[in-house]
Colleague: 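This is the structure I have questions about; it appears just below.
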Amino acid sequence: MGILEVKGVNKRFGGLQALGDVNLSVQENTVHAIIGPNGAGKSTLLNCLVGKLIPDTGSVMFDGQSVLGRKPHEINQMGISRVFQTPEIFGDLTVLENVLIPCFARRDGAFRMHAFETVANEAEMIEKAMTMLEDVNMADKRHMHSASMSRGDKRRLEMAMCLVQEPKLLLLDEPTAGMARADTNNTIDLLKEIKAKRDITMAIIEHDMHVVFSLADRITVLAQGTPLVEDTPENIKGHPKVREAYLGESA
Amino acid sequence: MLGLDKKDWTLLLIVAVLALAAPFILNPFPAGSELAQFNAGYPDLMQRFAIFGIFAIGFNILFGLTGYLSFGHAAFLGVGSYSAVWMFKLLSMNVVPAILLSMVVAALFSLLIGFVSLRRSGIYFSILTLAFAQMSFNLAYSVLTPITNGETGLQLTLDDPRILGASATADGSIPVTNLFGLEMRSTFELEIGAWLFQFNAGYYLCAVIMLLAFYAAMRIFRSPFGIMLRAVKSNQQRMTYTGLNPRPYTLAAFVISGMYAGLAGGLMASMDPLAGAERMQWTASGEVVLMTILGGAGTLLGPVLGAGFIKYFENIFSKINDNVLHGWFSFLPDGLEDLLVSIVHPFVGKGWHLTLGILFMLVVIFLPGGLIEGGQRIVRLFRKKKAPRGEDADHHPKETPHVAE
Ligand SMILES: Nc1ncnc2c1ncn2[C@@H]1O[C@H](COP(=O)(O)OP(=O)(O)OP(=O)(O)O)[C@@H](O)[C@H]1O
Ligand SMILES: [Mg+2]
């Protein structure tokens with residue numbers, strides 16, 4: 001049994017079948033890539049995992065519990081963190097504060113009225129956040145206004161914010177889309193580093209095959225809302241069905 | 001110490017000294033001199049500085065930190081005033097129970113309004129709060145006359161029960177508000193040369209409470225809760241996907257700011273025990289928005305500055321009439337004098353709103369961070385002059401003031 005089990009998920013938008021009978025199993029401590037052409041339903045699938053969308057039918061089990069009907073913040077508290085296509089960070093806050101927030105979220109839950117405690121006295125939380133920042137080589141930027149950083153740094157920060165929560169599953173929706181080559185390589189390095197340093201389970205949606213083949217342990221190919229194949233990167237590379245989905249009928 | 005660092009203590013100390021020495025500071029001109037009309041050091045106005053300071057500090061916790069712009073906070077101030085006056089009518093003329101009740105009632109009221117209004121954000125939230133406040137105003141003005149005494153306003157009478165006090169004093173008048181016997185209206189006058197300074201018990205109560213309110217706001221700003229409120233303003237989507245529920249945080253901020261407003265309303269009634277519906281009108285709600293933005297939303301000191309600024313304008317500029325103007329310009333030839341008077345005329349007296357409006361526009365356009373930003377720019381200008389070459393702050397990555405560490 002994988003940590004994430006998606007069974008028979010369907011999702012329609014009006015007349016459009018965005019997801020048709022999707023089955024997916026993500027094993028612990030693996031990087032599972034989901035690839036497919038534009039409009040294949042990759043983002044829709046991911047949104048069904050994090051509570052942003054509710055599938056019409058089917059089940060999504062995470063760590064033995066159903067995520068369906070739960071709110072996004074509840075699902076995060078179950079242990080799923082996500083990275084967005086464009087980095088979503090707290091732009092008005094400093095880098096350190098950005099990382100402190102997920103630390104507090106883990107310790108205190110979805111809401112706590114800690115109005116008369118002082119951030120400066122939270123030595124344990126600050127240390128945890130700083131260790132994380134050192135891990136992603138951002139410790140020297142801790143007092144920077146996060147909105148004023150480069151896109152690559154924002155991605156790094158967002159990743160740090162997710163990792164500091166020690167998620168059981170990290171979801172990434174096209175983490176390198178729209179990035180310059182240098183930032184893409186930077187992100188790949190970061191992900192490789194993360195994978196090497198700790199046990200982590202990731203599900204990653206990605207267009208860039210270079211990224212996919214250098215990171216993934218398993219790959220699922222999605223086309224028109226349905227998984228075509230699921231296999232190791234080596235086997236996927238030469239798979240005729242995959243070439244067909246990507247290069248059109250003629251190939 | 002007590003949850004504040006050295007810098008914060010310094011700020012608090014400065015505010016405390018300014019507040020406690022206000023009767024001196026605000027009366028720089030000798031009584032009876034031409035400029036005496038610019039003196040603001042009389043009890044009535046100083047009380048208003050402190051009370052509206054409290055109102056704006058509280059409003060800033062909601063608007064400055066979470067970014068939710070309420071257009072209905074005067075409703076909570078009004079509710080606070082009514083509660084306090086009822087306490088004076090029914091229980092005693094001591095201001096303590098009155099102020100406590102005004103905070104409790106305002107908290108309950110803001111919980112209700114906040115719970116409904118916070119289902120929406122942005123402009124829809126603002127409109128909802130505005131609608132609620134207008135409803136409250138109309139209820140107070142007409143429907144709930146038995147409780148609010150309608151358009152006359154709620155006042156004390158000689159046959160109020162006042163179970164822990166007397167309905168009337170020995171000489172047959174209505175008793176006055178007090179703090180365990182210390183009358184709020186009692187004023188000590190000090191004459192030094194041509195100057196007259198007034199030390200009013202009511203003002204000092206307001207000032208001390210404002211300092212406590214300021215301290216509490218400081219603690220909130222520096223707390224994990226404060227960071228969460230800023231996170232609400234910054235990125236709710238990220239917040240949700242970080243396992244946090246923005247709704248209760250926003251509601252808590254709404255209720256806290258509602259309690260500040262209730263406290264301000266209770267104090268207002270404690271200084272002058274009457275309450276009228278006009279206190280809840282939307283113009284009053286708009287005023288606290290102006291105060292906060294003018295001073296600097298999201299800063300600690302800004303709202304207090306903004307409140308002082310607007311109240312000063314309202315009370316001082318509005319008193320400058322044509323006679324005063326003629327007095328000022330009398331040294332000029334007649335024609336020129338009349339010309340200048342007619343130019344200045346629209347901006348003073350009843351026209352003080354015009355001056356305030358222009359000032360507000362200038363601040364919003366040129367100092368989006370409010371008066372506080374103006375102050376910071378001046379400080380930076382001096383620092384830059386002193387800094388040696390090559391250390392120009394602009395050439396370094398921007399660092400922001402932080403609360404952690
Ligand atoms: N909220 C929505 N309402 C209606 N249709 C939607 C919605 N979200 C997605 N769709 C449609 O569902 C299909 C799948 O979209 P989805 O965004 O999941 O694709 P994707 O695989 O992520 O594509 P891309 O690679 O372009 O990001 C598309 O045809 C899209 O237009
Ligand atoms: Mg997508």
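Order of the sequence lines fixes the chain letters, A, B, ..., with proteins taken first and strands second; residue numbering starts at 1 for each chain.
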Colleague: Please give me the minimum heavy-atom distance between V9(A) and P55(A), naming the atom from each residue.
Modeller: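 Answer, listing the atom of V9(A) first, then P55(A): CG1-CB, 3.7 Å.
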
Colleague: Contact part of L229(B) toward chain A, heavy-atom cut-off under 4.5 Å: side chain, backbone, both or neither?
Modeller: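 Looking at L229(B), nothing touches chain A.
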
Colleague: Does R238(B) qualify as a cation-pi partner of Y241(B), given the criterion of NZ or CZ under 6.0 Å from the six-membered ring centre and within 45 degrees of its axis?
Modeller: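 No cation-pi geometry.
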
Colleague: Which bit of I89(A) is near chain B, if near means a heavy-atom gap under 4.5 Å: side chain, backbone, both or neither?
Modeller: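 Contact with chain B is through the backbone of I89(A) alone.
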
Colleague: H73(B) and ring pair (Phe, Tyr, Trp, His ring centres under 6.0 Å): which partner among F63(B), Y260(B), F254(B)?
Modeller: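 Result for ring pair (Phe, Tyr, Trp, His ring centres under 6.0 Å) with H73(B): F254(B).
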
Colleague: Where on E117(A) is there a heavy atom nearer than 4.5 Å to chain B: the side chain, the backbone, both, or neither?
Modeller: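 Both the backbone and the side chain of E117(A) come within 4.5 Å of chain B.
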
Colleague: Please identify, among M149(A), E74(A), E122(A), M113(A), the residue contributing the most non-hydrogen atom pairs under 4.5 Å to chain B.
Modeller: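 Result: the option with the highest number of such pairs is M113(A).
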
Colleague: Between M239(B) and chain A, which part of the residue has a heavy atom less than 4.5 Å away: side chain, backbone, both or neither?
Modeller: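 Both parts, backbone and side chain.
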
Colleague: Quick one: is the NZ or CZ of R222(B) closer than 6.0 Å to the six-membered ring centre of F225(B), and within 45° of its axis?
Modeller: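 Because its charged atom misses either the 6.0 Å distance or the 45° angle limit, R222(B) does not stack over F225(B).
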
Colleague: For a 4.5 angstrom cut-off between non-hydrogen side-chain atoms, does F125(B) reach L69(B)?
Modeller: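 No, too far: nothing below the 4.5 Å cut-off.
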
Colleague: Using only heavy-atom distances, determine whether the side chains of T201(A) and E28(A) contain a donor-acceptor pair under 3.5 Å.
Modeller: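 E28(A) and T201(A) do not have a side-chain donor-acceptor pair below 3.5 Å.
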
Colleague: Measuring heavy-atom distances to chain B, does V83(A) have an atom under 4.5 Å in its side chain, in its backbone, in both, or in neither?
Modeller: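 Backbone only.
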
Colleague: With a 4.5 Å cut-off on heavy-atom pairs, point out which of R106(A), K71(A), E158(A) contacts chain B the most.
Modeller: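 Option with the top pair count is E158(A).
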
Colleague: So which part of A231(B) gets closer than 4.5 Å to some heavy atom of chain A, the side chain, the backbone, both or neither?
Modeller: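 Both backbone and side chain.
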
